[in-house]
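Counting convention: from 1, in listed order, for ligands and their atoms alike. A quick note: this is a predicted structure, and the numbers were derived from the prediction, not measured.
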Amino acid sequence: MATAPHLLTPLPSLSKDVAEWVESVRQLTQAKAVRWCEGSESEVKELTAELVRSGDLLPLNAEHFPGCHLARSHPSDVARVEHLTYICTQSKDDAGPNNNWMAPDEARAKMRSLFSGCMKDRTLYVVPYCMGPIDSPYSRCGVEITDSPYVVLNMAIMTRMGRPALERIAREGTFVKGMHSIGELDPERRFIMHFPETLEIQSYGSGYGGNALLGKKCHALRIASWQARTEGWLAEHMLIVGLQNPQGETHYVACAFPSACGKTNLAMLIPPASLPGWKVFTVGDDIAWLTPGPDGRLWAINPESGYFGVVPGTNPETNRNAYEMIRRDTLFTNVALTEDNQPWWEGLTTGKPVIDWQGRPYDPANGPAAHPNSRFTVSARNNPAYSPHAEDPRGVPISALVFGGRRRELAPLVYEARDWKHGVLVGASVASETTAAATGKVGVVRRDPMAMQPFCGYNFADYWAHWLNVGAKLKNPPRIYHVNWFRRDADGRFLWPGYGENLRVLEWMLRRCAGQASANETAIGNLPRPEDLNVKGLNVSDADLKALLSVDPALWKKEVADIRAYLQGYGSRLPAELLNQLAIVESRLG
Ligand code: GTP
Ligand code: SPV
Ligand code: MN
């Protein structure tokens with residue numbers, strides 16, 4: 001039955017809990033107006049028009065990029081700020097050596113003084129959202145309060161936002177409370193605080209991505225990982241992709257790679273012409289919530305409904321689908337402009353930049369034209385390869401889990417863990433070069449276990465123990481792999497072409513899962529021999545392939561020592577099983 005909009009229950013009366021909390025935040029921030037977000041298309045249009053009028057959004061060339069806009073963030077506010085991100089648990093040990101920690105009382109007092117009166121001249125937006133399909137038992141809801149209409153527009157794309165979420169909150173009686181203000185955009189007055197014990201997030205002083213779109217990393221990973229541990233599931237920094245083989249069978253794979261290490265690209269992979277008959281379906285590109293199912297398999301949902309993706313490098317050659325996807329109804333942040341107002345970024349082979357990401361005339365002396373962490377926000381519905389099962393409330397069954405990192409040397413193209421316990425060690429020992437997705441130096445190798453170093457809401461030692469427990473509950477656990485698309489030679493050239501060609505590696509994994517492919521059993525795990533990979537039509541020299549698929553025992557002995565030192569940094573909470581697994585690898589290295 002269709003209801004006329006003016007007959008709908010007013011949003012604040014749907015949930016007394018939410019309304020009371022919003023009122024308390026209004027009093028604290030002294031917002032000049034309060035606007036509850038309904039989540040309708042007309043509301044998004046209206047907000048967009050307001051932002052265009054205020055000059056905060058720039059419409060892009062309507063012929064080539066219909067419905068697209070450009071936002072420029074403050075030049076000091078272009079990436080996540082890990083050093084200003086805190087987990088505020090009663091006990092410091094619960095946050096662990098992997099997190100910055102602040103006592104909840106101290107953090108609350110600090111944030112109270114920052115939020116006090118901060119919205120005097122601004123509108124307070126109330127954004128109810130659902131992470132995951134609105135009717136899935138695995139989904140979780142939250143409400144973000146923000147004074148940034150840019151954040152509202154992003155949340156409208158990235159989450160199921162508005163009335164249905166608020167209705168679910170009213171039914172369930174529980175939600176994550178997220179408070180956000182851009183404040184003065186002063187890096188000295190910028191904090192991202194998490195209170196997992198009370199399901200609260202407080203973020204001040206940044207309007208950018210993971211710092212400000214609280215449904216994403218703050219809720220769906222840091223808070224959710226904490227909830228997942230108490231409830232027996234996993235919240236992970238993983239893409240989810242469906243791979244349909246030429247026989248018509250589809251298998252789902254979930255992969256954890258650190259930020260800007262290839263998740264969106266793999267989730268939207270385009271099969272090379274020399275592998276005919278394969279089809280690829282995107283379920284998710286950044287976050288997976290995984291639950292042991294009654295059938296003993298691991299089932300996954302994507303809590304998001306859009307992509308906040310890295311723009312540079314996207315082009316018709318590397319990924320035609322991604323390129324086509326962002327040519328309509330897309331919100332660009334921090335890209336450059338061509339003379340005729342088209343967005344431009346490094347990696348595009350057509351057009352040339354005249355205005356850089358800061359709005360200045362382009363001068364190569366100022367660095368790249370588009371910021372290396374410039375992003376697109378786009379609805380998953382724009383993706384030509386969007387899987388219909390992404391909306392399935394039960395999620396999809398996972399056949400393989402893949403960890404990966406960006407490493408010039410050492411890590412081979414792919415190896416397979418011997419079993420789940422070994423796989424947990426493989427995940428826990430992931431290391432990767434830092435990227436522009438977070439502020440700080442780029443290209444430094446650091447440990448990034450399960451690609452969750454910036455996102456795990458509790459002590460990694462307890463997290464690994466939880467991973468071991470989840471595995472013990474699975475009668476049909478997925479196989480676990482490690483990949484590295486980023487091996488280079490001495491001149492810096494990539495040894496592996498990557499992108500669509502990565503399907504060859506996934507194909508070997510799926511044949512392994514089906515018991516149809518052989519492998520070379522090495523100390524670190526099982527590697528394909530060159531003849532185990534489908535290399536038909538692949539343009540990689542025999543020497544490069546050999547280098548990609550070999551294990552250097554001397555280098556790996558050093559790596560094992562480094563992993564041991566890292567793990568021992570977690571002290572007595574570290575599960576002994578990880579050191580047992582490491583000892584097995586070490587003894588096999590001889
Ligand atoms: P976040 O959104 O930060 O979590 O990043 P992501 O993991 O989704 O990474 P994305 O797919 O956006 O890729 C990041 C960068 O790596 C882009 O510049 C890509 O062009 C590049 N890239 C992705 N896949 C490959 C690959 O297989 N090989 C190489 N050499 N580069 C790749
Ligand atoms: C990442 O950094 O892993 C991202 C972008 O996906 S952000 O939303 O900023 O976290
Ligand atoms: Mn990410």
Counting only protein N, O or S atoms and ignoring waters, those under 2.8 Å from the Mn ion (ligand 3) are Lys217 NZ, His237 NE2, Asp286 OD1

Close-range residues for ligand 2, whose non-hydrogen atoms fall below the 4.0 Å threshold = Arg80, Gly209, Gly210, Lys216, Lys217, His237, Ser259, Asp286, Phe308, Arg375, Ala437, Phe455

Any ion pair linking Glu391 and Arg381 (charged N to carboxylate O, less than 4.0 Å)?
-> no

Ion pair present between Arg446 and Glu82, side-chain N to carboxylate O less than 4.0 angstrom?
-> yes

Centre of Phe455's six-membered ring, under 6.0 Å away, within 45 degrees of the axis: is that where NZ or CZ of Lys217 sits?
-> yes

How are the rings of Trp467 and Tyr463 set relative to one another: parallel (under 30°), tilted (30 to 60°) or perpendicular (over 60°)?
-> perpendicular

Residue shell for ligand 1, any heavy atom closer than 4.0 Å, reads His237, Pro258, Ser259, Ala260, Cys261, Gly262, Lys263, Thr264, Asn265, Asp286, Phe308, Val310, Pro312, Gly313, Arg375, Arg406, Trp485, Phe486, Phe494, Gly498, Tyr499, Asn502

Any donor-acceptor N/O pair, Arg487 side chain to Asp544 backbone, under 3.5 Å = no

Determine whether more than 12 heavy atoms belonging to other residues, nucleotides or ligands lie under 6.0 Å from atom CD of Glu317.
-> yes

Pair listing, side chain to side chain donor-acceptor pair (under 3.5 Å) test, anchored in residues 141-152, at least two apart = Arg122-Asp147, Thr146-His180, Asp147-Ser181, Tyr150-Thr333

Do the rings of Trp345 and Phe65 sit parallel, tilted or perpendicular, given the 30° and 60° boundaries?
-> perpendicular

Is the backbone N or O of Thr89 less than 3.5 Å from a side-chain atom of Trp101, with the two atoms forming a donor-acceptor pair by type?
-> yes

Between Tyr129 and His219, is the ring centre distance below 6.0 Å?
-> yes

For Arg222 and Thr85, test the side chains for any donor-to-acceptor distance below 3.5 angstrom and give the result as yes or no.
-> no

Are any non-hydrogen side-chain atoms of Phe403 and Met238 less than 4.5 angstrom apart?
-> yes

Minimum heavy-atom distance between Thr159 and Cys130, given as atom pair plus value | CB-O, 4.1 Å

